[in-house]
Amino acid sequence: MNRKITVYKDTNCGEPRESMVDSQITVAGWVHKRRDHGNLIFIDLRDRSGLLQVVFNPEFSTAAHDLAQSLRSEWVIQVTGKVVSRLSGAENPDLPTGAVELSATDLVILNRAITPPFEVSDDVEVDLNTRLKYRFMDLRRPRMQEILKLRHRVTHMMWDYLTEKEFTQVETPILIKSTPEGARDYVVPSRVHPGDFYALPQSPQQLKQLLMVSGVERYFQIARCFRDEDLRADRQPEHTQLDLEMSFVHQDDVMAVVEELYTRIVKETVPDVAVNGPFVRLTYAESMERFGTDKPDIRFGMELTTITEIAATSDARVFQAVASSGGSIRGFVAPGCGNYGRRQTDDLTEFAKSSGAQGLVFIAIDESAPSIDALEDDHIKSPLKKFLSVDVVKKIAPEMGAGPGDLMLIVAGTDKLVNTVLSNLRNEMAKRLEMVDRKVLAFVWVYDFPLFEWDEDLKKFEPAHHVFSSPKSEHMDYLDTDPGKVIGTLWDLVCNGSEMGSGSIRIHDKNLQTRLFNIIGYTEEQISDRFGQLLTAFTYGAPPHGGMGLGLDRFVAILAGEDAIREVIAFPKTQSAFDPLFEAPSRIEDQQLEDLHIRVVMPKV
RNA sequence: GGUCCCGUGGUGUAGCGGCCUAACAUGCCUCCCUGUCAAGGAGGAGAUCGGCAGUUCGAAUCUGCUCGGGAUCGCCA
């Protein structure tokens, strides 16, 4: 053993094995646990590689043993000694190093620690505020170390793979210009230009398109993006995305790159998780029809069925009214839930209402029913039973694919509402019925999104995705006649029901881009102020190009099996966008404000 | 901005109108202990129950407001 990792240690705690018995080693790390037997002291020493049991025995070194008595949790020490086999029967099979231990001859205390706020261990549940306030301690936990390493591996593979594919990484500025559409900007005052502000980028969108005009051809960046919007489990004010853009490509070229990259990452980082290949492809229309959402979780069935016409033939007023007003009646089958009691169905109704539904219609088919054909009145349970004849149920059930013992869940209303409610309800039922296989990653490309969405409140078209996406060439005519019908060359990558990223083929023509801005109601002034640089660039020879922005935090969270992205971010913020460790945001000095030409006006209480 | 859940020694929980001058586990401190690894044994310190106001003879326990955390709707091109 003649190696040296650093001046402080030549071996990592997690390394010693039987084969190293009799070697003289020096390790350094944190006191994980001490067990003091008086004349014999055991220390579990921890570094990032794992745990090693160190024994202080006065027979080998009284000095080290005496000093070891003072050791406490989380002290930082350096120990030299000999690797020895453990006494027979004293091995610890739970520890990779459990067959051996370090018989200490020298102990150096590198630093002491006050009593930690919580134990550095995976099995203690600690209040989130405390964890974040002491994030430096929280990150010592093996699980958090593992996540940090996982995240590193993912970004490393992105660099490697994209480099292999001849992408160039380019950094774009963090101080850019506010373009106040979409999310709220984080804003930075300028000292040099009184009254003027920079904004932090919501994404490097315009910059990467400019890089395409610059002839970079293949660009990527692990880019930080900022949005001043309310937080969620899967949303932080700053998040990281894999941003990439390619010239001379069509949709399939971009998808191929991302699909290969993501598949490779999943296979290498979480080999025990199954990933579907090739990724499923669904048009937006098909996804909405079958799942009621543009981010379908396809790990389970329970797909939606439309029964507007059949349901309208029943005596149920709700159904008749919705059908005649152009709404839809849709539902899905919860298999084996025909025996749900009042409490369970009430619960589901409540859930549906919380998603915006007026109500939830369910039809339960008793499992004693011999078949749907032989269905009798007694076999049916439903709040609308009075209005649903056996004949109507006999038509609805086969249409929806329900059999004896099943529960049909039906919602009526506007298309949008029905889809929202049913897709939420479908995910909820999958959770309740434990139909979700956590060892599966089901990737879906959802493509052919409409370019615009009609905003009922503002009475105008809004970009459904973003303003730079190219309309399908065959839909150009609709731009003037019926913008709502225009399909864009834009797509999302979805995994297990969450959006992992979105991409599109961009517009590279000034006139077309201007037409789109006009459709969503931007004035000439707004266009030149916010997008002038891009439009100008387009007049100097812009190649056709397209690309994607892919959420890194969500991807790592999915790989790690975490629900909240804050678990995969080293220093995240709380739901009120506060950092308990630094206590940011905070007041600044009056002098700073003065330098920035800023006066603070506090809100009235 | 709305709705819901949570807030008790360092940490995690119990208590949910008087039995609480607040319990348990763990951590912490002192002492004992040569084979432990959830070490063990003996002893000890430590919270007025997020804050404020109210109801009540009496509040950790009920009510209102407020602060903080979380989930979610709005929002997030």
Which nucleotide in [options] has an atom nearest any side-chain atom of [X]:
| X | options | answer |
| --- | --- | --- |
| Leu40(A) | rC37(B), rU34(B), rG70(B) | rU34(B) |
| His37(A) | rC76(B), rA39(B), rC37(B) | rA39(B) |
| Asp230(A) | rC37(B), rG1(B), rG69(B) | rG1(B) |
| Thr115(A) | rG69(B), rC28(B), rC75(B) | rC28(B) |
| Lys33(A) | rA39(B), rA77(B), rG69(B) | rA39(B) |
| Asn39(A) | rG69(B), rG35(B), rU34(B) | rU34(B) |
| Arg227(A) | rA77(B), rU11(B), rU34(B) | rA77(B) |
| Asn129(A) | rG35(B), rG68(B), rA71(B) | rG68(B) |
| Leu128(A) | rG70(B), rG12(B), rG35(B) | rG70(B) |
| Arg72(A) | rU11(B), rG35(B), rC29(B) | rC29(B) |

Determine the contact category for [X]: base if any of its heavy atoms lies under 4.0 Å from a base atom, sugar-phosphate if only primed atoms, P, OP1 or OP2 are that close, otherwise nothing.
| X | result |
| --- | --- |
| Glu125(A) | sugar-phosphate |
| Val467(A) | nothing |
| Ser355(A) | nothing |
| Glu453(A) | nothing |
| Glu59(A) | base |
| Glu74(A) | nothing |
| Leu87(A) | base |
| Arg131(A) | nothing |
| Asp36(A) | base |

OP1, OP2 of [N] versus side-chain N and O of [X]: anything below 4.0 Å?
| X | N | answer |
| --- | --- | --- |
| Thr574(A) | rG69(B) | yes |
| Arg46(A) | rC37(B) | no |
| Ser354(A) | rC73(B) | no |
| Asn92(A) | rC37(B) | no |
| Gln205(A) | rA77(B) | no |
| Arg34(A) | rA39(B) | no |

With both distances under 3.5 Å as the test, what is the Watson-Crick or G-U wobble partner of [N]?
| N | value |
| --- | --- |
| rA71(B) | rU3(B) |
| rG64(B) | rC52(B) |
| rG17(B) | none |
| rC76(B) | none |
| rC24(B) | rG12(B) |
| rG40(B) | rC32(B) |

Rounded distance in Å between the [atom1] positions of [N] and [M]:
| N | M | atom1 | value |
| --- | --- | --- | --- |
| rA42(B) | rC5(B) | P | 44 Å |
| rA25(B) | rU72(B) | P | 36 Å |
| rG46(B) | rC6(B) | C1' | 25 Å |
| rG7(B) | rA14(B) | C1' | 15 Å |

Can you tell me the distance, in whole Å, between the [atom1] atom of [X] and the [atom2] atom of [N]?
| X | N | atom1 | atom2 | value |
| --- | --- | --- | --- | --- |
| Asp123(A) | rU13(B) | CG | P | 14 Å |
| Glu119(A) | rC37(B) | CD | C1' | 13 Å |
| Asp234(A) | rC75(B) | CG | P | 16 Å |
| Gln241(A) | rA77(B) | CD | C1' | 13 Å |
| Asp94(A) | rC37(B) | CG | P | 11 Å |

Checklist entry - Is the charged tip of Arg530(A) near the ring of Tyr522(A): under 6.0 Å from the six-membered ring centre and within 45° of its axis? => result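 Judged by the rule (NZ or CZ under 6.0 Å from the ring centre, within 45° of its axis), Arg530(A) counts as positioned above Tyr522(A).
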Next on the checklist: Taking NZ in Lys472(A) as the centre, count heavy atoms belonging to other residues, nucleotides or ligands within less than 6.0 Å. Is the count above 12?
Outcome noted: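 Enclosed: over 12 neighbouring heavy atoms sit under 6.0 Å from NZ of Lys472(A).
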Checklist entry - Can you tell me if CZ on Arg112(A) sees more than 12 non-hydrogen neighbours from other groups inside 6.0 Å? => result no
Item to check | His465(A) over rA77(B), stacked by centroid distance under 5.5 Å, angle under 30° | outcome: no
Checklist entry - Does the side-chain ring of Phe118(A) sit on the six-membered ring of the rU11(B) base, less than 5.5 Å centre to centre and under 30° in tilt? => result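 Check failed, Phe118(A) does not stack on base of rU11(B).
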Checklist outcome for this item: Taking every heavy atom of Ala577(A) against every heavy atom of Pro237(A), the minimum-distance pair comes out as CB-CG, 4.3 Å
Checklist entry - What salt bridge (Lys or Arg N to Asp or Glu O under 4.0 Å) pairs are there with at least one residue in residues 48-74 of chain A, not counting sequence neighbours? => result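 Counting only pairs at least two positions apart or across chains, the salt bridge (Lys or Arg N to Asp or Glu O under 4.0 Å) contacts touching residues 48-74 of chain A are Arg46(A)-Glu74(A), Glu74(A)-Arg140(A).
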Checklist entry - Does a distance-only test, which skips hydrogens and angles, find a donor-acceptor pair under 3.5 Å between the side chain of Arg232(A) and the base of rG74(B)? => result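 Side chain to base: pair present.
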Checklist entry - Can you find an N or O donor on one side and an acceptor on the other, under 3.5 Å apart, linking the side chain of Gln575(A) with the base of rG68(B)? => result no
Please tabulate, for the side chains in residues 76-84 of chain A, all donor-acceptor contacts under 3.5 angstrom to protein atoms that are two or more places apart in sequence or on a different chain.
unit_1	atom_1	unit_2	atom_2	d
Gln78(A)	NE2	Tyr8(A)	O	2.8
Thr80(A)	OG1	Thr26(A)	OG1	3.0

Item to check | Phe538(A) ring center within less than 6.0 Å of His508(A) ring center | outcome: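 Between His508(A) and Phe538(A), the centre distance exceeds or equals 6.0 Å.
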Item to check | Phe468(A) ring center near Phe531(A) ring center (under 6.0 Å) | outcome: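 Yes, the ring of Phe468(A) comes within the 6.0 Å limit of the ring of Phe531(A), centre to centre.
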Checklist entry - Tell me, do Phe220(A) and Asp243(A) make a side-chain contact under 4.5 Å, heavy atoms counted? => result no
